Amino acid sequence: MKVETSYAGSIAVAEVDGRIDSANAKEFDEELSAIIGKGVSSLVIDCGGLSYISSAGLRVLLIAIRRTNEAGGGLALCAVPDHVREVLEVSGFVRLTKVFATADEAKESFAQ
Amino acid sequence: MEDRLDIEVGLHRDAPRKAMERFEQFALGHNLPMGLIFKFQLALDELLTNAVSYAFEDDKGDEVEPSISLALAVTDSTLEATVEDNGRPFNPLRDAPVPDLSLSAEDRRVGGLGIHLTKAFVQTLSYERVDGRNRLNLVQPIGAHSEEQR
């Protein structure tokens with residue numbers, strides 16, 4: 001797994017590449033916590049390169065959703081591959097976070 | 001490519017991932033559809049991760065060596081798997097907490113989500129306790145996944 005992040009004020013876009021499972025969920029949590037710890041309240045996770053996510057990764061997303069909500073922003077996903085989207089739907093995560101086609105659309109949703 | 005594969009999974013945090021790499025090779029070697037591979041892998045990963053995390057947490061150094069195993073088989077019409085551990089008796093199909101998907105992020109708990117996904121993604125699941133081992137059987141029809149999911 002690789003996470004590359006770009007920042008614009010309180011909004012950040014994190015591009016996640018690879019797979020997230022129980023073997024590396026802790027590292028994913030540390031990556032997202034570090035981003036939010038830099039004063040980011042609105043976090044976009046670009047899932048274009050995300051090949052796989054298990055419930056261990058969903059747990060990390062849930063924590064990040066809570067923390068960004070508390071900070072007055074939120075968490076949005078974009079470019080979600082079909083297989084990953086099905087995981088989000090079955091687990092009810094599409095109710096907890098917005099899903100956009102592109103990172104720009106996700107960023108705009110926070111700017112409004 | 002063999003139609004069967006037996007994997008001794010191990011107990012380390014990375015053990016489910018290593019087993020899933022071997023599952024993927026096995027499934028790709030049988031030209032199974034990507035959609036089926038993804039969902040079945042998620043189910044196996046969740047069951048193995050549960051076993052690694054919880055099956056031996058009460059272990060008091062008994063005489064029995066802890067073990068987790070995965071057996072895979074492909075037939076003309078099905079992909080099948082058996083997940084076994086010799087840890088404490090636990091039937092996740094019956095005893096795992098059922099997540100309330102209607103709750104907000106603040107009130108949600110992630111417990112049980114792995115089993116929820118497993119049940120959603122595998123057509124036939126069964127549990128039995130045999131000779132001091134938890135045994136979960138998974139059966140997925142191969143024809144149930146259409147061409148566009150390849």
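Here is how names work: the chains are called A, B, and so on, in the same order as the sequence lines, proteins then strands, and each is numbered from 1. In what follows, every heavy atom counts, from backbone to side chain, and hydrogens, waters and symmetry copies are set aside. These figures come from a predicted structure and were not determined experimentally.
Remark: B/Asp45 CG to A/Ser54 OG distance equals 5.0 Å, nearest 0.5 Å. For the atom pair CG of B/Leu113 and CZ of A/Arg59, the computed distance is 8.5 Å after rounding to the nearest 0.5 Å. From A/Asn24, atom CG reaches atom CG of B/Asp14 across 9.0 Å, with rounding to the nearest 0.5 Å. The CG atom of B/Asn50 lies 7.5 Å from the OG atom of A/Ser55; values are rounded to the nearest 0.5 Å.
Between B/Glu24 and A/Arg19 a salt bridge is recorded (basic side-chain N to carboxylate O distance below 4.0 Å).
Contact annotation for A/Ile53: only backbone heavy atoms (N, CA, C, O) come within less than 4.5 Å of a heavy atom of chain B. No part of A/Thr97 comes within reach of chain B, as not one of its non-hydrogen atoms sits under 4.5 angstrom from that chain. Heavy atoms closer than 4.5 Å to chain B are found in the side chain of A/Arg95, but not in its backbone.
Most heavy-atom pairs under 4.5 Å with chain A: of the set B/Leu103, B/Leu117, B/Leu42, this distinction falls to B/Leu42. With chain A as the partner, the residue from B/Lys18, B/His12, B/Glu46 showing the most heavy-atom pairs under 4.5 Å is B/Glu46.
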ask   = Are B/Arg108 and A/Ile65 close enough, and set up right, to give a side chain to side chain contact (heavy atoms under 4.5 Å, CB included), and what steps lead you there?
value = CA-CA 11 Å; B/Arg108 277 280 291 264; A/Ile65 290 168; over 6 Å; no
inquiry  = Please evaluate residues B/Leu101 and A/Val90 with respect to the criterion side chain to side chain contact (heavy atoms under 4.5 Å, CB included), reporting the C-alpha separation (whole Å), side-chain torsions for both, the decisive distance (0.1 Å), and the verdict.
reply    = CA-CA 9 Å; B/Leu101 305 184; A/Val90 170; over 6 Å; no
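Considering only heavy atoms from C-beta on, B/Lys39 comes within 4.5 Å of A/Glu86 through its side chain.
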